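Sequence lines set the chain letters: A, B, ... in the order given, protein chains first and strands last, and positions in each chain run from 1. Please read these numbers as outputs of a predicted model, since none were measured by experiment.
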Amino acid sequence: MSCIVEIALACPLRQTFDYLSDEPVEHWQPGMRAVIPFGSRQLIGIVIAIKPVSEISTDKLKKIEQQIDKQSFLPVEIMQLVQWVSRYYHHPIGECFQAALPKKLRLGDSDEMQTETYWALQQIPVNKPGKKQQQILDLLEDYPEGLSEKALRVQFGNVKSSLTTLAQQNVITAREHVALPVPCLELQQTVSLNNEQKQSIEKVLAEKGQFSSFLLHGITGSGKTEVYIEICREFVENQQQVLVLIPEIGLTTQFVERFRHSLAANIVVINSSVSDADRKQAWLLARSGKADIIIGTRSAVFTPMLNPGLMIIDEEHDSSYKQQDGLRYHARNVALMRAKTLNIPIVLGSATPSLETLYQVKLKRYQLLKLTKRAGGATLPNVKLIAANKTADNNGLSSVLINSIKKHLQQNHQVLLFINRRGFAPVLMCHECNWQANCRSCDAKMVVHQHQNRLFCHHCGLIQTLPKKCPECGHSELKSYGVGTEKIEQALTAIFNDIPVLRIDRDSTQRVNAFTNMVKQINQGQAAILVGTQMLAKGHDFHDVTLVGVVDADQALFSADFRATEGLAQLITQVTGRAGRGKKSGEVLIQSEQPEHPFWKNLLQDGYEAIAENLLKERIQMELPPHGFWAVWRAEAQEADLAMQLLQQVAELLQQTASPVMILGPVPALMEKRAGRYRAQLLMRSADRASLHQLIDQHIEAVSKLKLARKGRWSIDIDPTELI
DNA sequence: AGCACGCCGACT
DNA sequence: GTCGGCGTGCTC
């Protein structure tokens with residue numbers, strides 16, 4: 001008996017499509033994949049529902065070409081989660097499924113797990129085994145379930161011939177088994193925890209098996225990772241899976257390695273450095289319950305689990321949890337929603353929690369867990385503000401800072417200098433005619449990169465050769481202004497010529513292993529100066545750094561984005577936390593052209609918590625998020641004004657309905673032109689979430705039918721975190 | 001989004 | 001005479 005199958009497709013349409021199937025109803029389940037004809041194309045879709053009749057007349061329905069999955073594919077929980085995401089973010093359902101699936105599975109790969117050869121002991125050898133053979137046998141003794149050939153190869157190198165010999169003698173046997181991640185063969189002893197850590201662990205474990213949200217607010221270096229690990233240990237022992245989300249930063253290996261060295265568990269990692277094949281395997285291992293711990297970036301929030309027990313969001317304040325194009329979801333919020341429906345606890349961890357999260361703590365929706373002491377008895381560094389003067393200083397470095405660097409290097413310590421701009425200098429000018437190197441596709445200046453002898457636009461990626469003379473008037477003296485990592489690197493090399501200066505930014509770490517090699521060199525502990533962007537600020541544990549210098553921190557104080565101050569407070573607190581993490585005590589020097597700005601006094605005297613409290617009060621007073629709810633319509637188009645016109649029409653549509661929602665704009669984006677496109681936005685503000693979503697739902701279809709909507713790109717951003 | 005269909009300018 | 005430009009409309 002045939003049936004009607006409702007299918008979500010990977011196209012930007014806010015609807016599903018019905019198809020006829022020859023298969024009987026009972027062969028179908030929501031969540032399965034199917035190949036279907038769509039227009040003149042062939043697509044893969046996800047089954048949303050199976051039904052006896054369609055609202056579309058039967059003669060218009062096409063037949064399903066192929067049923068890809070014969071058994072359930074996406075669990076009901078993920079189906080509901082993705083559908084919730086589609087409704088909440090007002091994004092086409094098919095594209096939401098795209099975001100939730102690993103590429104290979106999206107493209108129709110079989111959902112069978114990769115297998116590999118596992119070896120296990122069979123009987124005592126008769127002949128005396130060779131040296132390598134003996135090593136293998138010794139190790140296998142500890143693993144009665146067997147070890148994968150891959151794991152043995154990682155440990156002993158080429159093992160093929162040894163294994164063949166041992167197998168011929170029936171000492172060991174081979175068996176095909178689902179490929180699990182290579183286990184860590186040498187577990188470290190557990191570290192001793194302080195009382196705050198122990199209490200935090202207990203409080204989370206007390207909520208096992210029910211929804212409960214926690215903020216683990218631990219100062220930098222207070223041992224949050226150890227708390228996560230000990231909580232995980234308990235869940236793993238109970239055969240429950242843990243999903244750990246981490247920010248998208250270059251190096252997550254440090255974090256992952258600590259888990260691997262501490263827990264005898266199957267730990268899979270899903271981040272950008274993992275191949276498509278491994279991603280698929282990790283996803284399948286999680287779905288089957290064979291992965292105990294899943295560590296991944298933003299999109300891993302959609303990973304299915306057979307026995308979910310807990311979710312952890314590390315560095316919950318990090319902006320990379322919010323996707324800034326396509327489906328603009330916030331992984332932290334999706335995780336909270338998921339934890340609620342799964343009825344499991346969720347832990348958000350940070351040294352610098354977002355105001356959103358602190359607001360929830362204030363409303364008593366999250367339990368607060370605090371770690372106020374640095375682990376291992378390390379002390380927080382002493383922080384000082386230096387008045388910097390642009391014109392008088394040596395390439396942006398004040399003499400106070402240089403003298404201090406000298407002092408720390410003499411003690412054979414390491415120094416970290418933070419400057420949040422890569423390249424040599426952000427401005428190139430002609431003295432004669434006032435010409436300036438601007439990007440032709442963006443409202444932005446080109447940045448001088450001296451190493452490559454080029455000009456770069458950091459917004460669209462435009463590359464030009466560095467001009468030798470002014471393209472306007474031909475004058476040969478072009479001057480650059482401002483500082484970037486390259487200039488600081490150059491200045492320091494000139495001053496401290498016998499000390500290695502390591503520049504760590506996107507340019508210097510592009511080559512494979514460049515970053516890992518630099519980290520290795522740093523960890524050897526000799527005196528060195530590290531110059532870097534926020535790549536350096538996030539999460540690294542450099543034990544020999546005793547001085548942190550912040551070269552140019554002020555820009556954010558004058559930003560038009562009301563969130564900039566929050567971001568600056570977080571960044572400074574995080575950078576500050578890089579000093580004195582080992583046994584040596586640390587010092588931090590912050591150069592500012594605005595040392596009198598109340599922000600600094602507030603942050604340095606009272607700390608992050610206090611400044612966050614003040615900022616939150618301000619936001620509540622001014623009815624800014626997290627108090628009240630926002631949504632932004634964004635549009636961009638190749639032609640000037642088109643985006644504004646489109647949003648003007650959207651505003652007119654929205655205003656046709658009487659609603660408590662405030663409509664503001666449209667206005668051009670702060671940087672109106674970017675990558676050759678003109679951008680604009682339209683803001684919606686509301687005191688309650690429901691009216692905001694209702695108003696969007698009422699008009700989104702009419703908006704997508706607007707003529708101008710086809711000419712430019714448009715999107716809607718729920719709970720925006722950036723006003724661009 | 002893709003893709004087809006359709007109706008107007010500079011080319012083998 | 002055609003190739004191809006992108007405006008418009010549709011996709012169960």
Side-chain angles (χ1 to χ4, degrees), chain A residues 1-25 27-69 73-74 79 82-83 85-86 89-103 105-108 299 323-329 633-643 645-646 649-650 675-679 700-717:
Chain A
M1 198 34 213
S2 67
C3 59
I4 311 282
V5 182
E6 184 185 341
I7 287 181
L9 291 168
C11 72
L13 294 169
R14 290 161 203 283
Q15 55 174 297
T16 53
F17 294 85
D18 289 351
Y19 284 86
L20 283 165
S21 170
D22 290 336
E23 301 283 333
V25 185
H27 283 192
W28 286 107
Q29 261 179 54
M32 286 176 169
R33 295 168 298 168
V35 180
I36 47 89
F38 187 65
S40 59
R41 293 179 291 165
Q42 214 186 44
L43 296 177
I44 292 170
I46 305 281
V47 175
I48 297 293
I50 301 97
K51 46 197 192 183
V53 285
S54 173
E55 286 147 47
I56 307 289
S57 75
T58 316
D59 54 323
K60 278 192 181 154
L61 295 183
K62 289 187 185 169
K63 261 197 196 169
I64 286 184
E65 224 142 89
Q66 191 204 333
Q67 178 177 20
I68 297 178
D69 302 297
F73 176 70
L74 274 178
M79 291 301 290
V82 173
Q83 286 172 84
V85 163
S86 169
Y89 290 103
H90 301 269
H91 197 76
I93 179 91
E95 289 193 349
C96 294
F97 278 108
Q98 296 281 104
L101 283 175
K103 195 167 161 209
L105 294 169
R106 206 158 68 207
L107 297 175
S299 63
Q323 180 141 69
Q324 293 296 8
D325 57 277
L327 169 59
R328 295 171 173 265
Y329 68 104
W633 298 81
R634 303 176 189 280
E636 52 177 72
Q638 224 114 33
E639 291 160 64
D641 299 337
L642 204 142
Q645 284 167 27
L646 168 58
Q649 291 178 11
V650 175
R677 309 180 74 89
Y678 294 84
R679 308 169 308 148
I700 199 156
E701 201 169 303
V703 168
S704 52
K705 289 204 172 102
L706 287 173
K707 271 224 163 64
L708 283 178
R710 283 227 59 161
K711 289 186 93 177
R713 291 188 204 150
W714 65 276
S715 65
I716 187 150
D717 192 348

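- Whole-Å rounding puts the Q638(A) CD to dC6(C) P distance at 11 Å.
- Residue contacts shown for L13(A) include a base, since a base heavy atom lies under 4.0 Å away.
- Using a 4.0 Å heavy-atom distance criterion, E95(A) is classed as making no nucleic acid contact.
- At whole-Å resolution of the value, OH in Y19(A) and P in dT11(C) are 10 Å apart.
- Taking the side chain of S40(A) as heavy atoms from C-beta on, and the options dA1(B), dA4(B), dC12(C), the nearest nucleotide is dA4(B).
- Between dC12(C) and K60(A), no contact under 4.0 Å exists linking OP1 or OP2 to a side-chain N or O.
- Rounded to a whole Å, the CZ atom of R710(A) is 8 Å from the C1' atom of dG9(C).
- The separation between F17(A) atom CZ and dC12(C) atom P is 7 Å, rounded to whole Å.
- For R41(A) and dC5(B), the CZ to P distance is 15 Å, given to the nearest whole Å.
- Distance NZ (K711(A)) to C1' (dT8(C)): 12 Å, rounded to an integer number of Å.
- With respect to R677(A) and E636(A), a salt bridge is recorded, a charged nitrogen being found less than 4.0 Å from a carboxylate O.
- For the atom pair Y19(A) OH and E6(A) CD, the distance stands at 12.0 Å (nearest 0.5 Å).
- Rounded to whole Å, atom P of dC10(C) lies 13 Å from atom CZ of F38(A).
- No salt bridge links R14(A) with E701(A); every basic N to acidic carboxylate O contact stays at or beyond 4.0 Å.
- Between D18(A) and K60(A) no salt bridge is recorded (no basic side-chain N to carboxylate O distance below 4.0 Å).
- Of the listed nucleotides (dT8(C), dA1(B), dC12(C)), dT8(C) has the atom at the smallest distance from the side chain of K707(A).
- In this entry the distance linking CG of L9(A) with C1' of dC12(C) reads 9 Å, nearest Å.
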